[in-house]
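Each remark here refers to the structure printed beneath this line.
Indexing begins at 1, ligand by ligand and atom by atom, following the structure's order.
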Amino acid sequence: MTILVTGGAGFIGSNFVLDWLAQSDEPVIKLDALTYAGNLENLVTLTGDTRHTFVKGSIDDFDLVAQLLAKHQPRAVVNFAAESHVDRSIHGPEDFVQTNIVGT
Ligand SMILES: NC(=O)c1ccc[n+]([C@@H]2O[C@H](COP(=O)([O-])OP(=O)(O)OC[C@H]3O[C@@H](n4cnc5c(N)ncnc54)[C@H](O)[C@@H]3O)[C@@H](O)[C@H]2O)c1
């Protein structure tokens, strides 16, 4: 079986993936838009690890998410994708609404 982790390049998501793969061989598909908060360096220790696959994209891309669900048939989706920097919501609430509500 496989799990789909969204926001897997962020603070919580990347630590979840590292912890998951430290104790399970269940493959992980990571979907992350790599916004200002996403950083693939968080997962550099997994380079070459065939248990994980990274996909760059947004959770509000319906077609992409549908395609990933159909292809990998994950038994669970763990959603960490978020606009989490509250200060930024004052300057630009649109991204917060789009990711934290519509996309989620
Ligand atoms: N950090 C904490 O201490 C903490 C505590 C409790 C709950 N949370 C919650 O956990 C979640 C993740 O928090 P975090 O600290 O890891 O945030 P973060 O900002 O470090 O990571 C968010 C990740 O989501 C990605 N992302 C943003 N928009 C996206 C989109 N539309 N599609 C796909 N990926 C997208 C970013 O690129 C980034 O990798 C949030 O919901 C947050 O509220 C965090």
Side-chain angles (χ1 to χ4, degrees):
M1 301 297 281
T2 298
I3 63 166
L4 173 62
V5 178
T6 58
F11 175 61
I12 302 279
S14 60
N15 280 291
F16 175 88
V17 169
L18 292 172
D19 194 52
W20 183 270
L21 291 176
Q23 52 189 300
S24 169
D25 283 331
E26 192 170 11
V28 175
I29 310 297
K30 295 189 305 283
L31 173 64
D32 197 295
L34 294 182
T35 67
Y36 59 90
N39 185 357
L40 287 179
E41 286 294 309
N42 291 338
L43 296 158
V44 73
T45 56
L46 295 179
T47 302
D49 190 323
T50 56
R51 295 173 300 169
H52 91 289
T53 303
F54 176 73
V55 177
K56 183 171 188 260
S58 175
I59 59 168
D60 62 19
D61 183 339
F62 184 92
D63 291 341
L64 174 61
V65 174
Q67 185 191 335
L68 290 174
L69 294 176
K71 180 177 178 185
H72 299 286
Q73 309 219 336
R75 71 173 176 87
V77 177
V78 188
N79 180 33
F80 298 108
E83 286 290 333
S84 65
H85 294 211
V86 178
D87 299 4
R88 298 176 70 107
S89 68
I90 297 163
H91 300 292
E94 295 84 6
D95 287 346
F96 282 71
V97 172
Q98 197 57 34
T99 291
N100 298 0
I101 299 172
V102 179
T104 296

With the 4.5 Å side-chain cut-off for hydrophobic clustering, are Trp20 and Leu18 part of the same group?
yes
Among all protein heavy atoms, pick out the one at the shortest distance from atom 27 (C) of ligand 1; state its residue, atom name and that distance to 0.1 Å.
Ala82 O, 3.4 Å
Non-hydrogen atom of Gly57 closer than 4.0 Å to ligand 1
yes
Identify the closest protein heavy atom to atom 12 (C) of ligand 1: which residue and atom is it, and at what distance?
Phe80 O, 3.3 Å
Closest protein heavy atom (residue, atom, distance) for atom 34 (N) of ligand 1
Ala33 N, 3.1 Å
Heteroatom proximity flag, Thr99 to ligand 1, N/O under 3.5 Å
yes
Please tell me if the side chains of Val17 and Leu21 come closer than 4.5 Å, counting only heavy atoms from C-beta onward.
yes
Under the 4.0 Å line, does any protein heavy atom show up next to atom 42 (C) of ligand 1?
no
Are Ile29 and Ile3 connected in the hydrophobic side-chain network, where two residues link if heavy atoms are under 4.5 Å apart?
no
Is ligand 1 less than 4.0 angstrom away from at least one heavy atom of Gly103?
no
Hey, does Lys30 have a side-chain heavy atom less than 4.5 Å from the side chain of Asp32?
no
Nearest non-hydrogen protein atom to atom 19 (O) of ligand 1, with distance, is Ser84 OG, 2.5 Å
Quiz question for you: does at least one protein heavy atom lie closer than 4.0 Å to atom 6 (C) of ligand 1?
no
For ligand 1, which atoms have a heavy atom of Ser58 less than 4.0 angstrom away?
30 (C), 31 (N), 32 (N), 33 (C)
Using a distance-only test with no angle check, is there a side-chain donor-acceptor pair under 3.5 angstrom linking Asp19 and Gln23?
yes
for atom 8 (N) of ligand 1, nearest protein heavy atom and its distance come out as Ile12 CG1, 4.5 Å
Under the 3.5 angstrom rule, does the side chain of Thr53 hit a backbone N or O of Val28 as a donor-acceptor pair?
no
Any protein heavy atom at under 4.0 Å, with atom 30 (C) of ligand 1 as the reference point?
yes
Side-chain heavy atoms of Val77 within contact of Val65, under 4.5 Å:
no
Note: Arg51-Asp49 ion pair, threshold 4.0 Å (strictly below):
yes
Got the closest protein heavy atom to atom 1 (N) of ligand 1, with its distance?
Phe11 CD2, 3.5 Å
For atom 39 (O) of ligand 1, the closest protein heavy atom turns out to be Asp32 OD2, 2.6 Å
Group every Ile, Leu, Val, Met, Phe, Trp and Tyr by side-chain heavy-atom contacts under 4.5 Å, then state whether Leu4 and Val55 land in the same group.
yes
Mutual orientation of the aromatic rings belonging to Phe80 and Phe16 [parallel < 30°, tilted 30-60°, perpendicular > 60°]:
tilted
Give a yes or no on whether Leu46 and Val5 share a hydrophobic cluster (residues Ile, Leu, Val, Met, Phe, Trp, Tyr; joining criterion: side-chain heavy atoms under 4.5 Å apart).
yes
Can you name the atoms of ligand 1, numbered from 1 with element, that are less than 4.0 Å from a heavy atom of Ala81?
24 (O), 33 (C), 34 (N), 35 (C)
Record the part of Leu34 in heavy-atom contact with ligand 1 below 4.0 Å; permitted values are side chain, backbone, both and neither.
backbone
Identify the protein heavy atom lying closest to atom 32 (N) of ligand 1, giving its residue, its atom name and the separation to 0.1 Å.
Ile59 N, 2.9 Å
